Amino acid sequence: MADSGDSGTKILNFNVGVLGHVDSGKTSLARNPQSRERGITLDLGFSSFTVELPAHLREAGGHRYHSLQFTLVDCPGHASLIRTIIGGAQIIDLMMLVVDVVKGVQTQTAECLLIGELTCPRMVVVLNKIDLLPPNKRQSSIEKMTKRLHKTLENTRFKDCPVIAVAAKPGGPEAPDTEEPQGVPELIELLKKQTYLPHRDPEGDLLMAVDHCFSIRGQGTVMTGTILQGSLAINDTVEIPALKVTKKVKSVQMFRKPVSGAMQGDRVGVCVTQFDPKLLERGVVCAPGSLRTLYAALISVRKIGYFKGSLSTRAKFHITVGHETVMARVTFFGLPPTDARQPPSDATPLPPEPQLCPLDTPFSFDREYLYQEEYMTGQGEASSGPDPEQWALLEFERPVTCPSLSLVIGSKLDTDIHANACRLAFHGRLLKGFEDKGYAETALPQLHIYKTKHKEGQVERVTDDYTVIGRNLFKKETNLQLFVGLKVTLSTGETGSIDGGFGQSGKFKIRVSEGLHPETKRLLSSTSKKKGKGGGKGEPASEDEPKADSQPISIHLHFKRYVFDPHKKMVQS
């Protein structure tokens, strides 16, 4: 942590994300005056309070700090702003999930819980609005709701997390501020108990999430926010990717005191050379050149179990990555059947919800992948087995700027906010980004995702022991030259290769280099004799060209086609 001022005193900053349903009373807890004026928190609101450093932190090596600052990051409950929650989630050390004690867990509460699981190691549940419960039933209602919450959480990483009951704003939002909140001192004590020394690393490229921006005349423009990674110091040059400009750091403040620098996890105000603050209300600031602007990306992907819809290739999802949410078209793909590492069916089932598990098979452009029409779940619909490993190609509707290895969340944010349905669909990590606008021509052909194709036709007749004529495998207009040399199998067991077209109607010749089985020839000639007595329309049937009609022998053609191959070549293994 950076020193605050010259007094040698250090403050440990601990970020607490306050999440919950839109009217669960989060803002009353985070008490942020600007948000309260606007009536509802639509942005990450920040407020903070400082307490004496708890003894367990001092013993754990925190003796460099003299006090502990809690920064409450009030994340919006508004559904369409899931992106804000995810944007802020990278800096959250502890999550405070606010639940309305009367209503219990609602859809958005579940979504907040999922985001917490993906982004945060610890949680405290706050049962709010206990003043609305009749005094004679209050205790039993709190106990009942606490039990229900523990049941909800038992399959998540927050199993057995503490639950505390409060009334942050007795009498509701309209009530005068004279009413004392209930349970808040106990909540602060609980938060102190739950703190730990967060891992903070000054290394790596600077990435700072900016949540507010304003000008100071004669000094410059101040950006306030939290450092997500790396560090910064006075005289550093920083880049504002959204504005495509770089600026020099003139001064840095922490806890309203000037400091020479700051690092990951710190809340700071950074003054840079003047620019119009209206251009950057929220966004990111980074080390020059460290963020990339992507037109498409490859990600590892895991479906979120609570999402009830299907995940189909070519469908569009809202993709939240870094600090942006943008629509993208998705293509799912997985390992070919022989490579797919399905865990044995008696394997211990994974918890039903997100643990950001590393994939067993690292992604590589050198291997082949199987195209999927949709995301594959475990073993069938009712399965509790883990899903097979799979990936997705995201093609963004507009370019996004983000750090590498970002957390990615796909959602259906256009679902009705009041529908009782989870809108978070899948999550993953960004593995590879495409920065070239023409990525479809330059990069995608290197991605070996294939579809398997199967065509079936019939043998029309045999011309000699090594040649048959086939039909119904191709359309009249098909360019047969593309298929010459491909192997086919007859239903009688012989293998042959396509030798070329025969006539104009899509018929073709097959060369059977090992020769036809005697049984096959007998089958072909017997069927033609039955038919051939009177010939067809004035054509006498000739014995040396037996026709095969009554029990047609089928021809099977199997091949692979690579989805992104510009030449649409057919390949047989």
Side-chain angles (χ1 to χ4, degrees), residues 1-7 9-15 17 32 34 43-48 50 65 69-74 84 87-93 198 200-292 322-324 401-403 406:
M1 293 291 128
D3 284 309
S4 35
D6 303 319
S7 52
T9 59
K10 282 188 174 184
I11 300 176
L12 171 63
N13 183 44
F14 196 82
N15 297 310
N32 177 348
Q34 289 161 305
D43 221 320
L44 287 176
F46 287 88
S47 54
S48 58
T50 308
Y65 307 109
Q69 166 167 292
F70 284 105
T71 295
L72 299 182
V73 184
D74 181 16
T84 321
Q90 306 170 57
I91 50 172
I92 292 174
D93 301 310
R200 308 288 199 218
D201 181 5
E203 297 306 310
D205 291 324
L206 168 75
L207 183 64
M208 172 176 162
V210 175
D211 43 71
H212 195 49
C213 209
F214 54 92
S215 286
I216 298 180
R217 274 182 71 175
Q219 287 188 42
T221 301
V222 175
M223 303 179 288
T224 63
T226 304
I227 299 177
L228 303 180
Q229 69 179 42
S231 57
L232 62 75
I234 293 171
N235 292 328
D236 280 358
T237 301
V238 296
E239 181 184 350
I240 306 170
L243 312 185
K244 299 188 169 47
V245 295
T246 53
K247 296 282 172 188
K248 194 169 184 182
V249 175
K250 297 171 78 175
S251 63
V252 184
Q253 280 202 358
M254 272 170 65
F255 316 114
R256 300 184 181 77
K257 294 191 177 75
V259 292
S260 57
M263 65 181 256
Q264 185 186 47
D266 286 335
R267 274 291 292 158
V268 288
V270 179
C271 182
V272 297
T273 40
Q274 193 79 45
F275 69 89
D276 179 358
K278 286 195 193 69
L279 297 175
L280 185 77
E281 183 49 38
R282 288 184 69 249
V284 287
V285 169
C286 62
S290 63
L291 283 193
R292 299 149 63 217
H323 271 249
E324 296 193 62
T401 300
C402 59
S406 291

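This is a predicted model, so every value here is computed, not measured. Only this structure's heavy atoms are used, side chains among them; waters, hydrogens and symmetry mates stay out.
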- Message: Do Thr401 and Cys286 have side chains that approach each other closer than 4.5 Å (heavy atoms only, starting at C-beta)?
- Response: no
- Contacts of type side chain to side chain contact (heavy atoms under 4.5 Å, CB included), residue Pro202, not counting sequence neighbours: Ser231, Met263
- Could you check if a side-chain atom of Val284 sits within less than 4.5 angstrom of a side-chain atom of Val210, using non-hydrogen atoms only? no
- Task: For the residue pair Val252 and Ile234, establish whether any side-chain heavy-atom pair is separated by less than 4.5 Å.
- Result: yes
- Task: Give the minimum heavy-atom separation between Val245 and Lys247, together with the two atoms involved.
- Result: CG2-CE, 4.1 Å
- Rounded distance (nearest 0.5 Å) linking atom SG of Cys213 with atom CD1 of Ile240: 7.0 Å
- Judged by atom type as modelled, is there a donor-acceptor pair below 3.5 Å linking the side chain of Gln69 to the main-chain atoms of Thr50? no
- Message: If I compare all heavy atoms of Met223 with all of Phe275, which pair ends up nearest, and what's the gap?
- Response: SD-CZ, 4.0 Å
- Indicate the atoms forming the closest heavy-atom contact of Pro241 with Leu291, along with that distance. CG-CD1, 3.8 Å
- Query: Passes salt bridge (charged side-chain N to carboxylate O under 4.0 Å, His left out), Asp236 versus Lys250? Steps please.
  - Reply: CA-CA 8 Å; Asp236 280 358; Lys250 297 171 78 175; over 6 Å; no
- Just by modelled atom types, is the Val268 backbone N or O under 3.5 Å from a matching donor or acceptor in the Asp266 side chain? no
- Would you name the heavy atoms of Met254 and Arg267 that are closest together and state the gap between them? CG-O, 3.4 Å
- Correct closest heavy-atom pair for Asn13 and Thr71 would be OD1-OG1, 2.7 Å
- Note on the structure: Taking every heavy atom of Ser290 against every heavy atom of Leu206, the minimum-distance pair comes out as OG-O, 4.1 Å
- Item | Heavy-atom donor-acceptor pair, Glu239 side chain to Gly289 backbone, under 3.5 Å | yes
- Going by heavy atoms in the side chains, are Asp205 and Gln229 under 4.5 Å from each other? yes
- Query: Do the non-hydrogen side-chain atoms of Val270 and Met208 ever get within less than 4.5 Å of each other?
  - Reply: yes
- Query: Taking the side chain from Ser215 and the backbone from Thr221, do they hold a donor-acceptor pair closer than 3.5 Å?
  - Reply: no
- Query: Do the side chains of Phe70 and Asn15 get nearer than 4.5 Å, heavy atoms only?
  - Reply: no
